Number of protein chains: 2
Amino acid sequence: MASEARWLTADEQVSWRAYLRATRELTVALDRDLQCEGISLPEYELLSMLSEADDDRLRMSALADLIVQSRSRVTHTAARLERRGWVQRRPAPDDGRGVVLELTDEGRDAIRRFAVTHVESVRRHLVDVLRPDQFRALGEAMLAVDAAYQADPTTPDPAACPTMEP
Amino acid sequence: MASEARWLTADEQVSWRAYLRATRELTVALDRDLQCEGISLPEYELLSMLSEADDDRLRMSALADLIVQSRSRVTHTAARLERRGWVQRRPAPDDGRGVVLELTDEGRDAIRRFAVTHVESVRRHLVDVLRPDQFRALGEAMLAVDAAYQADPTTPDPAACPTMEP
DNA sequence: CGGTTATAGTTGAAGCGTCAACTACAGCAC
DNA sequence: GTGCTGTAGTTGACGCTTCAACTATAACCG
């Protein structure tokens, strides 16, 4: 408790700041490009995962894990997409509690259109601004971060934050 | 218009998906760790930038650029932090329209405490899960993305999204 | 100067995300 | 079977973010 924090070195600071800036900027750019077409990035990701799944359908919880959103958020997002006629809720055949979300025909058409815009956006703001080896290195680093996150036991559970003055 | 979209290759897809997952996970992890201490990541970033500035003070718009948030958002965030006694608004001496945000003594104490938690969090979820060369490569890629974002003229201005059915 | 345009920042409403509480069903124990 | 515990998903309230509209000042131009 009394030991000094391991501060970042000057070089590490530069990388970390760059990470913070660039990820924010990328989110802004990708979302803006999609918003122009009439959909947000989180909504796009949901549709995108559905369209790649077998039979264009997934359980709500599988979807939540894939796009790294809370279950509650997926419920809300799916509700919005359902209102627009792009997805449809169905009871899960094998589990009375479960819900399967399914892409509608309109949803399939929509995601196909959006995908064109989106892939161009990803290239313009990310892939094409890096050398191929740079992008590969980025991907590998991100896989490592993902793996660490999955493995870290302190991440998912504690649910209790000790100090919080009344 | 008729030409095919340049889809991502399989390898590129893997990197891109890893990026999406890992950045979300990192945000979740870092924010959760700070929330336990009683502050959100965006709020922390604002305080952090102030604490590194000359005289612990910055113009609102400079702050907005540094943390990549809209001006409106900075106004709201600053208002919250002001309610907690950590920052203080002042008229800018040289520009009648401007506002300078200044860290209070309590704010200085607060950011110092939070920083300890935060740097540990950044190490645990990002820096320490990568090899040093990997982290450096990540930083360099992110600097390139940032530079491209700053340079891209289509990013900041168009303000008009053509198609939007009434 | 007076008029026009651009910049700095705020405001309030609407939309999205989070959180805790809740329903409903599954799985296991006995 | 009954009861207990865990999982799937939803709900509504609250808080944060976004967006468009607005005020106020600066900067430029004639």
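The structure presented is a predicted model; accordingly, all values stated were derived computationally and were not measured. Just so it is clear: chains get the letters A, B, ... in the order the sequence lines come, proteins before strands, and each one is counted from 1. Every heavy atom of this structure was used, including side-chain atoms; hydrogens, water molecules and symmetry mates were not.
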Which residue lies more 5' along DNA chain D, comparing A:Ser61 with A:Asp31 via nearest heavy atoms
A:Ser61

What is the separation between atom CD1 on A:Ile67 and atom C1' on C:dG17, rounded to the nearest whole Å?
13 Å

I need the CZ-P distance between B:Arg73 and C:dC16, as an integer number of Å.
16 Å

Check B:Val100 against B:Pro93 and note the closest heavy-atom contact, atom names and distance.
CG2-CD, 4.3 Å

Atom pairs under 3.5 Å, N or O on each side, protein against nucleotides 10-13 of chain D: can you list them with distances?
unit_1: D:dT10; atom_1: OP1; unit_2: A:Arg89; atom_2: NH1; d: 2.7
unit_1: D:dT10; atom_1: OP2; unit_2: A:Thr75; atom_2: OG1; d: 2.5
unit_1: D:dT11; atom_1: O4; unit_2: A:Ser72; atom_2: OG; d: 3.0
unit_1: D:dG12; atom_1: O6; unit_2: A:His76; atom_2: NE2; d: 3.1

Taking the basic N atoms (NZ, or NE/NH1/NH2) and the acidic carboxylate oxygens, is any pair closer than 4.0 Å for B:Glu82 and B:Arg89?
yes

Starting at atom CD of A:Glu43, determine the distance to atom C1' of C:dC16, rounded to an integer number of angstrom.
9 Å

Please state whether the phosphate of C:dC19, meaning OP1 or OP2, lies under 4.0 angstrom from any side-chain nitrogen or oxygen of B:Arg32.
no

Nucleotide C:dG17, atom C1' - distance to CZ of B:Arg24 in whole Å:
12 Å

Can you tell me the distance, in whole Å, between the CG atom of A:Leu58 and the P atom of D:dG9?
11 Å

Determine whether a donor-acceptor pair (N or O, by modelled atom type, separation under 3.5 Å) exists between the side chain of A:Asp31 and the backbone of A:Leu41.
yes

Least distance between heavy atoms, A:Asp33 atom then A:Ser121 atom
OD2-OG, 2.6 Å

B:Leu63 CG to C:dA8 P: how many Å, rounded?
14 Å

All side chain to side chain donor-acceptor pair (under 3.5 Å) counterparts of A:Arg71, not counting sequence neighbours
none

Take nucleotides 21-28 of chain C nucleotide by nucleotide from the 5' end and write B, S or -, depending on whether a protein heavy atom sits under 4.0 Å from the base, only from the sugar-phosphate, or from neither.
---BBS--

Calculate the interatomic distance between B:Gln35 atom CD and C:dG17 atom P; express it in whole Å.
16 Å

Hydrophobic cluster membership, with links at side-chain heavy-atom distances under 4.5 Å among I/L/V/M/F/W/Y: are B:Val145 and A:Val14 in one?
no

In terms of side-chain geometry, is the basic nitrogen of A:Arg6 or A:Glu12 positioned less than 4.0 Å from the acidic oxygen of its partner?
no

Assess the residue pair A:Met60 and A:Leu101 against the criterion (side-chain contact (heavy atoms from CB on, under 4.5 Å)); give the C-alpha distance rounded to whole Å, side-chain angles, the decisive distance to 0.1 Å, and a yes or no.
CA-CA 6 Å; A:Met60 296 294 276; A:Leu101 202 66; 4.1 Å; yes

Whole angstrom value for the distance that separates P of D:dT17 from CG of A:Leu41:
17 Å

Would you say the side-chain atoms of B:Arg123 pair up with the backbone N or O of A:Trp7, donor to acceptor, closer than 3.5 Å?
yes

